[in-house]
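Reckoned from all heavy atoms, side chains included, excluding hydrogens, waters and symmetry mates.
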Amino acid sequence: GGHFDEAQQYYARILEQSASGMVLEPRDSTLLSHLRMAYSLRQLGDGAAAQAAVEQQRLDLKKRIEANVMFPRDYIGEAIAQAMSGNETGVFEALRSAMDLGLRQMSTFREPALAALADHPEMIALKAEMQNLLDIEHEKILQLICHNNPAYDTWQPRQETCEGVPDSPQG
């Protein structure tokens with residue numbers, strides 16, 4: 001990890017093609033990638049660029065909240081911005097909001113900007129909660145495809161996929 005100088009070469013190529021002057025992924029208007037670039041720049045010593053990206057995140061999130069158009073990625077970006085601002089509580093609140101909106105990506109906890117909080121009890125608890133949500137959803141999907149498959153005529157799971165899957169949720 002920590003290949004921030006190499007990351008900047010990637011970000012520079014994206015910025016060359018960016019109409020907005022921001023690092024935005026295709027089909028994505030959130031600032032998550034731009035914040036990742038800013039964090040990388042800060043690791044290389046450019047605190048001003050990092051601060052500008054954090055301020056842009058605040059404005060963008062405020063607009064999205066006012067328009068009632070928020071996605072988990074907006075709050076992952078906010079978690080990164082809060083981490084860059086040194087606000088641990090803000091990081092956890094943003095991650096909670098992302099999870100409440102449906103975030104189910106464990107990779108979120110591997111964001112470089114969040115690494116310093118990896119062993120924090122609140123981060124460990126959020127990670128465990130997300131894993132529990134994923135486990136529950138996995139069980140529901142197995143029950144659906146193994147016992148109530150809506151596409152049975154065109155697709156069936158492999159037999160070993162359904163070995164030991166109960167007919168109804170456990171617990």
Side-chain angles (χ1 to χ4, degrees), residues 1-8 10-11 14 22-144 165-166 168-171:
H3 299 279
F4 299 112
D5 51 348
E6 293 171 29
Q8 284 310 310
Y10 165 76
Y11 290 130
I14 294 175
M22 305 289 282
V23 177
L24 302 175
E25 294 177 7
R27 302 178 311 280
D28 179 21
S29 61
T30 67
L31 291 172
L32 183 53
S33 295
H34 200 73
L35 284 159
R36 287 175 175 146
M37 180 196 71
Y39 178 75
S40 176
L41 282 170
R42 187 164 93 179
Q43 296 309 105
L44 295 170
D46 189 346
Q51 186 58 37
V54 167
E55 290 169 10
Q56 185 63 44
Q57 165 67 15
R58 296 278 143 61
L59 292 172
D60 191 59
L61 187 65
K62 184 175 183 241
K63 287 179 194 172
R64 288 177 176 279
I65 289 171
E66 288 171 357
N68 199 28
V69 181
M70 287 95 55
F71 298 97
R73 289 176 63 93
D74 296 313
Y75 286 105
I76 297 168
E78 182 61 14
I80 292 171
Q82 293 289 344
M84 289 170 60
S85 299
N87 183 354
E88 290 181 4
T89 301
V91 170
F92 305 133
E93 288 173 355
L95 289 174
R96 161 66 52 215
S97 294
M99 289 170 62
D100 289 348
L101 283 174
L103 176 69
R104 299 295 183 270
Q105 292 174 290
M106 292 299 288
S107 61
T108 301
F109 295 102
R110 293 191 302 271
E111 285 286 344
L114 305 181
L117 297 173
D119 295 329
H120 190 288
E122 184 81 17
M123 188 69 84
I124 292 169
L126 285 168
K127 190 174 181 180
E129 182 179 341
M130 186 181 296
Q131 186 59 58
N132 185 54
L133 290 169
L134 287 167
D135 291 345
I136 290 168
E137 290 178 6
H138 184 247
E139 181 181 336
K140 287 179 181 178
I141 288 185
L142 286 176
Q143 288 170 359
L144 174 70
V165 175
S168 59
Q170 301 299 298

Enter the distance from Thr89:OG1 to Asn87:CG here, rounded to the nearest 0.5 Å.
5.5 Å
Which residues pass the side chain to side chain donor-acceptor pair (under 3.5 Å) test with Glu122, not counting sequence neighbours?
none
For Gln131, check side chain to side chain donor-acceptor pair (under 3.5 Å) against everything at least two apart and list the hits.
Asp135
Sorted by first residue and then second, give each side-chain hydrogen bond (donor to acceptor under 3.5 Å, both in side chains) pair with at least one member in residues 98-109; sequence neighbours left out.
Arg104-Glu137
Heavy-atom closest pair, residues Ala113 and Ala83
O-CB, 3.4 Å
Closest approach of Met70 and Ile65, non-hydrogen atoms and distance?
SD-CA, 3.3 Å
All heavy atoms of Pro72 vs all of Ala98, minimum pair found to be O-CB, 3.7 Å
Please name the residue in the list Arg64, Lys62, Lys63 that meets the salt bridge (Lys or Arg N to Asp or Glu O under 4.0 Å) test with Asp60.
Arg64
Output for pair (Glu129 CD, Leu126 CG), nearest 0.5 Å, gives 6.5 Å
Could you go step by step and tell me if Glu111 and Arg36 meet the side chain to side chain contact (heavy atoms under 4.5 Å, CB included) rule?
CA-CA 9 Å; Glu111 285 286 344; Arg36 287 175 175 146; 2.4 Å; yes
Can you name the side chain to side chain contact (heavy atoms under 4.5 Å, CB included) partners of Ala81, sequence neighbours left out?
Leu35, Val54, Gln57, Arg58, Glu78
Can you tell if the side chain of Arg42 reaches within under 4.5 Å of the side chain of Gln51, non-hydrogen atoms only?
no
Please round to the nearest 0.5 Å and tell me the distance separating atom CG of Leu103 and atom CD1 of Ile76.
4.5 Å
Determine the minimum heavy-atom distance between Pro166 and Glu139, stating which atoms define it.
CG-OE2, 4.5 Å
Euclidean distance, Leu44 CG relative to Tyr39 OH, rounded to 0.5 Å
10.5 Å
What residues form a ring-ring contact (aromatic ring centres under 6.0 Å, His included) with Tyr75, not counting sequence neighbours?
none
Can you tell me how far apart NE2 (His34) and CG (Leu41) are? Round to the nearest 0.5 Å.
8.5 Å
Compare every heavy atom of Asp74 with every heavy atom of Phe71, then report the nearest pair and how far apart it is.
N-OD2, 2.7 Å
Pairs where residues 76-99 contributes a residue and the test ring-ring contact (aromatic ring centres under 6.0 Å, His included) is met, not counting sequence neighbours
Phe92-His120
Output for pair (Lys127 NZ, Met99 CE), nearest 0.5 Å, gives 12.0 Å
What pair of heavy atoms forms the shortest contact from Ser33 to Arg73, and how long is it?
OG-NH2, 4.4 Å
